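Down below is the structure, laid out as C-alpha cells.
What you see below is based on every heavy atom in this structure, not just the backbone, and it leaves out hydrogens, waters and symmetry mates. Note that this is a predicted model, so its numbers are computed, not measured.
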Amino acid sequence: VLPGRFIPVLEDSGHITKLDSFVNQSVQEAVARRYREGRRVLPVAVNLSRMDLMDDHIMNRIHSNISEINVPVNLFHYELTESAYAEITENGGRFLNGLQKDGAKILIDDFGSGISSFSTVRDYEFDIIKLDMGFVHRIGTSKKTDHILTALIELAHRLDMKVIAEGVETKAQVDFLRSNGCDYFQGFYYAKPMPLKEFETLLDQQTAKTQEARA
C-alpha cells in the first residue's frame, strides 16, 4: 500500500504518531544491534509527519533515544513528509534544530513537487534534499527538465546540502545525475523496498564481496 493512501488516513485519525514511533524504535534497534556486532551499518531515514512535530511526547522520546543508544548520531536520519514541512511549529523547529546539533541529519522529501517550495529551504535548515521522482523520470525527455535538475543540484550544493535523487530506474538516469554531481541515488535500479532481514542479508553480502575484492 503506497504511503499516499495510508498516511493521510492515519494523520486525520491521529494514529500516525503510533506508526512513526514504532518505525523509529525499530530502526534504532536494528542500527544499534548491527553496530554493536561490528557489522556494516548504513543510515536509514525515518519519516516524520506533521502530527509528530506537534507531539511533545514523541519529539522528546526521539531526542532522548538517540542520546542514550550509544551509536554515532549521524547514522540517524529524519525525513520530513510534505505535510510536516508545510506546518512546522515553533516547537517542531526547535526539535529539528536540536537533532541537527546532536549530529542527526534532516531530509526534505519530494522536493520540487506538491507544496514544497524554495521558501521551505529558505526558512529551515536541511542537510539533504530529495529530488522528486517526477523530475528523474523525465530525464532526457526535454532540455527544460534536464536544466531544472542541474540547477536544483547546484543550488543545493551552494546551500551546503547533499542531494538524493528519488525514483532512479535506469542507467541513463544514473549517468546523467552522476555527471551533474548528484550525491545519492534511490530507486529500483539498485533495489526495491524489502523487509529488514533481506536488507541485512544484502548488506552482509556486499560487505563480503568488498572484503574479497580487497584480499
Side-chain angles (χ1 to χ4, degrees), residues 3 7 10-11 16-85 87-89 91-111 116 120-121 124-131 156 159-166 182-187 190-191 193-204 206-207:
I7 287 180
L10 290 174
E11 287 185 336
I16 189 68
T17 55
K18 296 180 181 178
L19 174 64
D20 291 345
S21 179
F22 168 77
V23 171
N24 179 65
Q25 182 177 347
S26 299
V27 168
Q28 289 182 336
E29 290 175 352
V31 170
R33 172 175 49 78
R34 289 186 64 88
Y35 183 80
R36 288 193 299 267
E37 294 171 353
R39 298 159 73 188
R40 185 184 181 195
V41 180
L42 292 178
V44 177
V46 174
N47 285 107
L48 297 178
S49 78
R50 63 186 173 89
M51 301 300 293
D52 299 327
L53 299 184
M54 298 177 186
D55 188 322
D56 290 336
H57 177 68
I58 189 171
M59 288 191 290
N60 290 335
R61 183 189 306 169
I62 290 174
H63 212 159
S64 297
N65 285 353
I66 65 172
S67 301
E68 299 169 358
I69 204 165
N70 295 322
V71 171
V73 180
N74 61 7
L75 289 173
F76 298 113
H77 291 189
Y78 291 92
E79 186 173 316
L80 302 191
T81 62
E82 275 191 332
S83 65
Y85 56 71
E87 302 180 31
I88 298 177
T89 63
N91 283 347
R94 284 197 295 267
F95 163 69
L96 295 175
N97 290 336
L99 288 178
Q100 285 178 308
K101 288 180 180 178
D102 287 344
K105 303 297 182 184
I106 306 298
L107 291 68
I108 178 172
D109 192 20
D110 296 327
F111 189 78
S116 64
T120 309
V121 295
Y124 301 100
E125 297 295 330
F126 296 98
D127 300 290
I128 302 172
I129 67 169
K130 301 184 70 175
L131 298 177
L159 296 175
D160 296 323
M161 295 186 292
K162 299 291 186 181
V163 180
I164 295 174
E166 296 185 282
C182 187
D183 302 288
Y184 307 107
F185 308 89
Q186 174 183 317
Y190 294 99
M194 64 186 73
L196 174 61
K197 289 184 178 179
E198 291 182 26
F199 177 60
E200 291 195 86
T201 298
L202 179 63
L203 284 185
D204 293 338
Q206 291 179 342
T207 301

Practice prompt. Let me see the working for F126 and L80 under side-chain contact (heavy atoms from CB on, under 4.5 Å), right down to the final yes or no.
Written response: CA-CA 10 Å; F126 296 98; L80 302 191; 3.7 Å; yes

Item to complete: Test side-chain contact (heavy atoms from CB on, under 4.5 Å) on I58 and M51 and set out the steps.
Response: CA-CA 10 Å; I58 189 171; M51 301 300 293; over 6 Å; no

Item to complete: Take V46 and I62 through the test side-chain contact (heavy atoms from CB on, under 4.5 Å) and record every step on the way to the result.
Response: CA-CA 11 Å; V46 174; I62 290 174; over 6 Å; no

Discussion item. Is it the case that over 12 heavy atoms from other parts of the model lie below 6.0 angstrom from the OH atom of Y190?
Written reply: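 Yes, OH of Y190 has more than 12 neighbouring heavy atoms, counting only those of other groups under 6.0 Å.
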
Fill in: Heavy-atom closest pair, residues A45 and E79
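For A45 and E79, the tightest heavy-atom pair comes out as CB-OE1, 3.5 Å.
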
Practice prompt. Heavy atoms only: give me the nearest F185-C182 pair and the separation to one decimal.
Written response: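 Reported closest heavy-atom pair: CZ-O, 4.0 Å.
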
Which donor-acceptor pairs under 3.5 Å do side chains of residues 95-106 form with protein atoms, sequence neighbours excluded?
| residue | atom | partner | partner atom | Å |
| --- | --- | --- | --- | --- |
| N97 | ND2 | G93 | O | 3.2 |
| Q100 | NE2 | E125 | O | 3.1 |
| Q100 | NE2 | D127 | OD2 | 3.1 |
| D102 | OD2 | H63 | NE2 | 2.6 |

Discussion item. Is any side-chain heavy atom of Y78 closer than 4.5 Å to one of D52?
Written reply: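 Contact flag for D52/Y78 side chains = no.
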
Item to complete: Flag the pair V23 / N47 as yes when at least one side-chain heavy-atom distance between them is below 4.5 Å, and no otherwise.
Response: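 Counting from C-beta outward, V23 and N47 never come under 4.5 Å.
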
Out of curiosity, [X] [atom1] to [Y] [atom2], how far, rounded to the nearest 0.5 Å?
X: S49; Y: D20; atom1: OG; atom2: CG; result: 5.0 Å
X: D109; Y: I128; atom1: CG; atom2: CD1; result: 11.5 Å
X: F76; Y: Q28; atom1: CZ; atom2: CD; result: 5.0 Å
X: R33; Y: E200; atom1: CZ; atom2: CD; result: 4.0 Å
X: L203; Y: E198; atom1: CG; atom2: CD; result: 12.0 Å

Fill in: For T17, all residues meeting side chain to side chain donor-acceptor pair (under 3.5 Å), sequence neighbours excluded
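T17: no side chain to side chain donor-acceptor pair (under 3.5 Å) contacts found.
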
Worksheet item: Taking only residues two or more places apart in sequence, or in another chain, which ones meet R94 in a salt bridge (charged side-chain N to carboxylate O under 4.0 Å, His left out)?
Response: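 Result, salt bridge (charged side-chain N to carboxylate O under 4.0 Å, His left out) vs R94: E90.
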
Practice prompt. Only counting residues at least two apart or in another chain, list the ones meeting salt bridge (charged side-chain N to carboxylate O under 4.0 Å, His left out) with D204.
Written response: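 In terms of salt bridge (charged side-chain N to carboxylate O under 4.0 Å, His left out), with neighbours along the sequence ignored, D204 is linked to R34, R39.
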
Discussion item. Run the side chain to side chain contact (heavy atoms under 4.5 Å, CB included) test against A32 and tell me which residues pass, sequence neighbours left out.
Written reply: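 Applying side chain to side chain contact (heavy atoms under 4.5 Å, CB included) to A32 gives R36, I69, V71.
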
Discussion item. Tell me every residue that passes side chain to side chain contact (heavy atoms under 4.5 Å, CB included) with A156, counting only those two or more places apart in sequence or in another chain.
Written reply: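 Per chain and number, A156 pairs via side chain to side chain contact (heavy atoms under 4.5 Å, CB included) with I129, M161, V163.
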
Item to complete: Check step by step if side-chain contact (heavy atoms from CB on, under 4.5 Å) holds for M59 and D55.
Response: CA-CA 6 Å; M59 288 191 290; D55 188 322; 5.7 Å; no

Worksheet item: Do N70 and Y35 meet the criterion of a side-chain donor-acceptor pair at a distance under 3.5 Å?
Response: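 No, no side-chain donor-acceptor contact under 3.5 Å.
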
